[in-house]
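Hydrogens, waters and symmetry mates are skipped; everything else that's a heavy atom, side chains included, is used.
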Amino acid sequence: MSSTIDAAGKSARTTRRRFLQGGTAVAGGAVLGAGASAAAETDNLPPNIPEWMKAPGEPMGAQPYGAPSPFEKGVVKNISKTLKQYISASSRTPLQELDGIITPNGLFYERHHGGVPTIDPAQHRLMMHGLVERPLIFTMDDLRRFPSESRIHFLECSGNPGYTKPYGKTASDLVGLVSCAEWTGVSLKLVLQEAGLKPDAKWVVAEGADAAALTRSIPIEKCLEDALLVYSQNGERLRPQQGYPLRLFLPGFEGNMSVKWLRRLHVTAEPIYSREETSKYTDLLSDGTAREFSFYMETKSIITRPSGGHRLSAPGFHEITGIAWSGHGKIKRVEVSVDDGKSWQDARLQEPVLTRALTRFRLPWQWDGKPAVIQSRAVDETGYVQPTLAELLAVRGENYFYHNNAIWPWRIAADGEVTNALA
């Protein structure tokens with residue numbers, strides 16, 4: 001019996017050794033023609049001891065503010081190189097490179113109308129006036145004395161994406177004007193109560209302290225429901241690009257209404273029909289009329305892996321994953337099709353599933369190596385189902401610009417390359 005055990009043990013060791021030697025041989029053979037520098041890279045592969053184990057690493061404190069690994073230097077905001085100017089412009093979150101539902105502050109999408117101001121918080125004030133019993137001016141210290149709240153919500157630009165071609169190549173190109181964070185601040189309802197609302201108060205006009213003085217009219221119902229005066233994002237103070245030192249945040253509403261660099265709240269009986277709610281951020285219909293005050297961001301989803309710009313390495317198991325969100329509440333279900341919409345199956349929703357926040361979904365998939373078209377559609381807790389682009393265009397017409405929440409399919413070629421199926 002002992003000889004059998006010894007033989008089995010020897011056999012197991014031999015098999016493992018041959019596997020490791022074979023792997024090394026393959027790796028070495030793959031780089032022989034690439035020169036000495038490429039061959040040296042294999043020195044760090046198993047079973048060798050990699051160079052980073054042979055000496056102590058960077059000392060603690062070398063980076064007073066942490067930074068990603070230099071090997072992730074390509075994971076940055078998606079900034080177009082062909083814009084005519086960069087003062088009134090946007091950058092996009094690299095959705096296809098991220099996991100989970102929280103967007104790192106350094107990768108959060110941006111949209112500016114007059115550049116990014118540099119504001120000294122000690123000199124910044126929030127003025128509240130109009131139809132209130134007690135007009136007030138708050139310092140940042142005043143606001144931080146109020147009880148704080150922290151909530152996770154998405155923020156999305158209403159033009160994410162447009163309706164006309166050319167459509168983007170990657171998930172970021174298509175819908176990268178959406179991100180999600182934990183927001184910390186003061187309930188706007190609490191601050192309005194401090195000032196005291198008069199009976200005819202129906203709207204609150206928010207104005208930013210940027211060069212564009214971006215101004216939007218907010219229904220009083222939203223202000224009293226879940227609006228926040230935000231000073232921190234993902235645990236740290238807002239960054240200048242996100243409205244430092246103070247911004248309004250309206251969960252589920254189009255992003256431009258969450259006014260950054262907030263300096264004034266004017267309580268009124270009517271909306272003021274500012275530039276940003278007349279010449280901008282209205283939806284032109286095919287009959288020439290315009291849909292105004294289309295506040296809510298509708299249910300949407302997109303597969304982020306595999307997605308445009310990716311390539312499947314080989315047939316076999318692959319996880320399909322993406323994000324879904326709705327301005328009307330929680331995501332109830334996400335369905336995925338791997339046969340160009342002929343059939344659908346439920347994806348698994350990753351916890352937590354929060355109201356008006358990104359929700360991560362996942363589906364295991366065995367790819368047979370043949371061409372395929374994959375896509376997702378989301379259903380929110382109101383029962384609304386994400387439509388196709390053709391269904392949206394049939395209702396809204398090609399003059400429409402904002403609030404495109406269409407299903408977006410990805411085409412997978414036999415060689416594994418993933419591209420936009422509608423481009």
Side-chain angles (χ1 to χ4, degrees), residues 27 30-31 34-46 48-83 85-87 89-112 115-116 118 154-157 160-161 168-182 233-244 302-313 318-319 321-323 358 360 410 416-420:
V31 297
S37 61
E41 293 180 5
T42 64
D43 292 343
N44 292 319
L45 299 179
N48 299 326
I49 297 175
E51 59 179 315
W52 44 84
M53 292 183 66
K54 298 177 181 178
E58 191 176 62
M60 189 282 298
Q63 295 184 1
Y65 190 91
S69 164
F71 296 99
E72 300 297 328
K73 63 183 180 180
V75 182
V76 295
K77 281 178 281 195
N78 178 358
I79 303 173
S80 173
K81 296 180 176 59
T82 60
L83 298 180
Q85 49 81 26
Y86 290 82
I87 298 298
S90 61
S91 66
R92 298 166 182 269
T93 295
L95 299 174
Q96 66 277 4
E97 303 295 338
L98 302 183
D99 299 302
I101 64 171
I102 298 295
T103 308
N105 288 346
L107 298 177
F108 210 91
Y109 91 87
E110 300 175 35
R111 172 69 171 103
H112 313 306
V116 180
T118 301
F154 76 83
L155 183 71
E156 182 181 15
C157 178
N160 187 43
K169 295 181 179 180
T170 68
S172 177
D173 293 337
L174 276 174
V175 296
L177 297 176
V178 65
S179 301
C180 188
E182 180 189 54
Q233 177 180 349
N234 288 336
E236 66 177 3
R237 299 295 179 267
L238 288 168
R239 296 192 174 190
Q241 297 85 353
Q242 297 303 324
Y244 181 87
I302 192 165
I303 292 171
T304 56
R305 189 175 64 245
S307 61
H310 293 160
R311 184 184 292 274
L312 300 185
S313 57
H318 294 273
E319 181 182 66
T321 184
I323 49 175
L358 294 187
R360 173 68 56 176
W410 301 111
E417 182 182 12
V418 187
T419 57
N420 185 341

[Y] and [X], any side-chain heavy atoms less than 4.5 Å apart:
X: Glu97; Y: Arg305; answer: no
X: Leu177; Y: Arg111; answer: no
X: Thr304; Y: Leu98; answer: no
X: Asn420; Y: Trp410; answer: yes
X: Phe108; Y: Gln233; answer: yes
X: Asp99; Y: Thr321; answer: no
X: Ile79; Y: Tyr86; answer: yes

On a heavy-atom basis, which atom in [X] and which in [Y] lie closest, and how many Å separate them?
X: Gln96; Y: Ser307; answer: CB-OG, 3.6 Å
X: Leu83; Y: Ala89; answer: CD1-CB, 3.8 Å
X: Arg92; Y: Asp173; answer: NH1-O, 3.1 Å

So which of Cys157, Pro94, Ser90 actually passes side chain to side chain contact (heavy atoms under 4.5 Å, CB included) with Tyr109?
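Exactly one candidate clears the test, Cys157.
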
What's the verdict on side-chain hydrogen bond (donor to acceptor under 3.5 Å, both in side chains) for Thr93 and Thr103, showing C-alpha distance, side-chain angles and the deciding distance?
CA-CA 8 Å; Thr93 295; Thr103 308; 5.2 Å; no

Throw together a table of side-chain donor-acceptor distances under 3.5 angstrom for residues 52-61, partners on residues two or more places apart or in other chains.
none

So how far is it from [X] [atom1] to [Y] [atom2], rounded to the nearest 0.5 Å?
X: His310; Y: Thr419; atom1: NE2; atom2: OG1; value: 13.0 Å
X: Glu182; Y: Ile102; atom1: CD; atom2: CD1; value: 7.0 Å
X: Leu95; Y: Ile303; atom1: CG; atom2: CD1; value: 13.5 Å

Ignoring hydrogens and geometry beyond distance, is a side-chain donor-acceptor pair present between Ser172 and Thr170 at under 3.5 Å?
no

Check whether any side-chain N or O of Arg360 sits under 3.5 Å from a backbone N or O of Ile101 as a donor-acceptor pair, and report yes or no.
no

Would you find more than 12 non-hydrogen atoms of other residues, nucleotides or ligands less than 6.0 Å from Lys77 atom NZ?
yes

Trace of the side chain to side chain contact (heavy atoms under 4.5 Å, CB included) decision for Val178 with Leu358:
CA-CA 9 Å; Val178 65; Leu358 294 187; 4.2 Å; yes

